[in-house]
Amino acid sequence: MQALPDGEAEISLVVRLPWEDVARLGQEAGRLAAQMQRPVTLDEAVSSRLRSTRPAAAHARPGAEQPAAAPGGAGVTSLPRISGTA
């Protein structure tokens, strides 16, 4: 994990994805690139997708009572599927 100057943090990890998911991320990057009028990396597409979809992390503390969800989202439970055929 690395702290960033803007107050956020960055964490690096390795994720194994089926080629179909990689293709969907490429489609998402293409949509973002058209919207932003500049090239977009797959990393940016993943970050954008994770920011736009924040499922509740009900499994985060097994056996403990879950507090009410805080405004602004919770932890990410899995990578969300990008719309398309699976």
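Keep in mind that the numbers below use all heavy atoms, side chains included, and drop hydrogens, waters and symmetry copies.
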For the [atom1] atom of [X] and the [atom2] atom of [Y], what is their distance to the nearest 0.5 Å?
X   : Y   : atom1 : atom2 : value
S47 : E10 : OG    : CD    : 8.5 Å
M1  : L13 : CE    : CG    : 10.5 Å
S12 : Q2  : OG    : CD    : 7.5 Å

Problem set entry | Hydrophobic cluster of M36, others only, ordered by chain and residue number, side-chain cut-off 4.5 Å |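 For the cluster that includes M36, the remaining residues are L32, V40.
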Exercise. Who are the side chain to side chain contact (heavy atoms under 4.5 Å, CB included) partners of T41, not counting sequence neighbours?
Worked result: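 Here the qualifying residues are D43, E44.
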Exercise. Which atom pair, heavy atoms only, marks the closest approach of L42 to A29?
Worked result: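 Shortest heavy-atom contact: CD2-CB, 4.2 Å.
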For this session: Apply the test side-chain contact (heavy atoms from CB on, under 4.5 Å) to residues V46 and L50: give CA-CA distance (whole Å), side-chain angles for both, the deciding distance (0.1 Å), then the verdict.
Result: CA-CA 6 Å; V46 170; L50 290 174; 3.8 Å; yes
